[in-house]
Amino acid sequence: MVRVETKENSWSFEQIYDEYKTPIYNYVYHLVGDREQADDLTQDTFLKAFRALPKMDANLKLSAWLYRIATNTAYDALRRRKLIAWLPWQDLDHEPADVESADPQEIYGTTEIVRAALRRMPQQYRAALLLYTQEGFSYSEIAHTLNIAESGVKMYLSRARQSFREHYRSLEQGGGTK
Amino acid sequence: MNCEQVKDLLSPYLDDQLTAHERQSVTNHLQLCEICNAVLVDYRRFDALLARLPRLSPHPLSPGKLVGSSASLLVYETQPVQEETPTARVRSTPAYHVSSTSKRNYYRCRYPQPQKKTVPTWITTIPWKNKRLFNSLTLLGLLTLGFSLFYIYYLRPKYHLRIPSSKEI
Ligand SMILES: [Zn+2]
């Protein structure tokens, strides 16, 4: 059995999977905006993590390392989706309901408005905001996860909050409050 | 400080990431400006909303979806799978299961034999059923075609890489 030794703990891969599969899934889901794809990408994340375990740096925080893999996996998928969307004959019916297609009239609860506002904001800011608010990461952990400087995190979070507020407000006025 | 300058400092102000001097300036501005105050109140509210966002559960790993995906490897690599799973159960979707032998370092997928001569199972799992792979292949084809045209109409004439016609000789 492969075990991972980190500063805090000694983990088996099954423990890691059980502990992190739901948070990673939710994180990836909010990045790509499609539940089915999030399922696949969560599996891909853990598969990559499992294969990279022997090379893992013991000084790295396990969660930062996992979220970094998850972020890169989700970004790759988004890049691929953009590339594929460029092809003229691709099957549009199966594209996830994204960004502009969300009808504010159908949005009724706060949770839905929050999710819709997340989907509408730029993806690089979204990751920082999710890591900060949902996962409780510090600025330095976000910097490690997203592979950017801490000053970058400050800027990302600032832009993220401005953008989120803009979209949330417009959704709220556009039909969220009935 | 004016609103425009404060706007970019409100987020780090909330997270206590400002220098003492910056912090003081923002505090002073907030005492006078209702607009920036409202923004800060919003930021606090949105942080709380995001933190409380209900967590969705991932769908359980379903064998029907694993054909050809790397997830099947994950099942194999992380979970001991039963040696023999009954295949007689009636399912609405094409059934198969992953079986592994721990001594041997590989896994194999088993497909129940169809009763009647219908479409063989392998046809339903080949690349053109896999949208992503199919799109990659079409893109590759497109690039090949593009380069061929580029070569024929641009590169070859430019560098005279052509066979002279009999009239020219
Ligand atoms: Zn102001």
Side-chain angles (χ1 to χ4, degrees), chain A residues 2 12-14 16-17 21-26 28-30 35-36 38-40 42-44 46-48 50-51 77 80 83-84 86-87 89-91 94 110-111 113-115 117-118 129-130 132-136 138-139 150-151 153-162 164-165 168-169, chain B residues 4 6-19 22 38-62 65-66 68-80 130-143:
Chain A
V2 190
S12 77
F13 191 75
E14 270 165 306
I16 296 176
Y17 182 71
K21 69 170 185 253
T22 304
I24 291 276
Y25 172 75
N26 280 270
V28 170
Y29 165 62
H30 286 124
R35 287 196 69 176
E36 208 167 311
D39 274 315
D40 290 346
T42 304
Q43 301 308 328
D44 287 351
F46 282 102
L47 191 71
K48 284 179 194 166
F50 181 77
R51 287 179 172 158
R80 228 179 301 135
L83 190 70
I84 287 169
W86 177 79
L87 292 177
W89 57 83
Q90 55 107 23
D91 188 359
H94 288 89
T110 309
T111 303
I113 303 179
V114 171
R115 290 201 208 280
L118 274 173
L129 189 64
L130 288 168
Y132 190 76
T133 58
Q134 289 220 294
E135 315 306 330
S138 67
Y139 272 45
E150 272 192 52
S151 55
V153 176
K154 202 191 270 189
M155 190 271 276
Y156 271 37
L157 277 174
S158 184
R159 298 274 160 81
R161 282 177 168 133
Q162 287 173 30
F164 182 89
R165 181 173 183 265
Y168 188 95
R169 286 274 176 182
Chain B
E4 198 53 38
V6 170
K7 198 178 84 175
D8 288 331
L9 296 178
L10 284 175
S11 167
Y13 176 82
L14 188 64
D15 301 336
D16 202 10
Q17 298 283 331
L18 293 180
T19 62
E22 285 173 324
V39 176
L40 194 64
V41 168
D42 268 358
Y43 284 180
R44 286 211 178 92
R45 184 171 128 236
F46 295 147
D47 273 20
L49 283 177
L50 283 161
R52 286 204 313 263
L53 202 61
R55 297 236 158 160
L56 303 164
S57 300
H59 298 108
L61 290 178
S62 77
K65 282 180 61 195
L66 295 182
S69 82
S70 50
S72 55
L73 281 169
L74 187 71
V75 170
Y76 166 66
E77 289 181 19
T78 60
Q79 296 173 359
N130 181 332
K131 195 182 142 206
R132 280 187 209 160
L133 185 59
F134 180 71
N135 275 313
S136 309
L137 288 174
T138 47
L139 188 68
L140 190 71
L142 212 64
L143 287 174

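From a predicted model like this one, the values you see are computed outputs, not experimental measurements. Each chain gets a letter, A, B and so on, in the order the sequences are listed, and its residues count up from 1.
- In the model, Thr22(A) has no side-chain atom that pairs as donor or acceptor with a side-chain atom of Arg55(B) under 3.5 Å.
- Atom CG of Asn26(A) and atom CG of Leu53(B) lie 7.5 Å apart (nearest 0.5 Å).
- Residues Thr111(A) and Leu49(B) have side chains not in contact (no heavy-atom distance under 4.5 Å, counting atoms from C-beta outward).
- Interface summary for chain A: among Asp8(B), Leu10(B), Asp42(B), the most heavy-atom pairs under 4.5 angstrom belong to Asp42(B).
- For Leu14(B), the part lying near chain A is the side chain, with the backbone staying farther off; criterion is any non-hydrogen pair under 4.5 Å.
- In this structure, no portion of Arg52(B) lies under 4.5 Å from any heavy atom of chain A.
- Note on ring orientation: taking the six-membered ring where Trp is involved, the planes of Tyr168(A) and Phe46(B) are tilted (angle from 30° to 60°).
- A donor-acceptor pair under 3.5 Å is absent between the side-chain atoms of Lys154(A) and the main chain of Pro12(B), judged by distance alone.
- Options Asp47(B), Leu9(B), Leu56(B) differ in how many heavy-atom pairs under 4.5 Å they form with chain A, and the most are formed by Leu56(B).
- Counting heavy-atom pairs under 4.5 Å between each of Lys7(B), Arg45(B), Gln17(B) and chain A puts Gln17(B) at the top.
- Side-chain atoms of Asp39(A) and Pro58(B), non-hydrogen and from C-beta on, do get closer than 4.5 Å to each other.
- Taking chain B as the reference chain and counting heavy-atom pairs below 4.5 Å, the highest number among Glu150(A), His30(A), Arg159(A) is found for His30(A).
- Looking only at atom types and distance, the side chain of Tyr132(A) has a donor-acceptor partner in the side chain of Asp15(B) under 3.5 Å away.
- For the pair Ser57(B)/Lys21(A), no side-chain contact is recorded, criterion being any heavy-atom separation below 4.5 Å from C-beta on.
- Looking at Leu118(A), only its side chain comes within 4.5 Å of chain B, counting heavy atoms on both sides.
- Between the OH atom of Tyr43(B) and the OG atom of Ser158(A) there is a distance of 6.0 Å, given to the nearest 0.5 Å.
- Options Gln134(A), Arg161(A), Gln162(A) differ in how many heavy-atom pairs under 4.5 Å they form with chain B, and the most are formed by Arg161(A).
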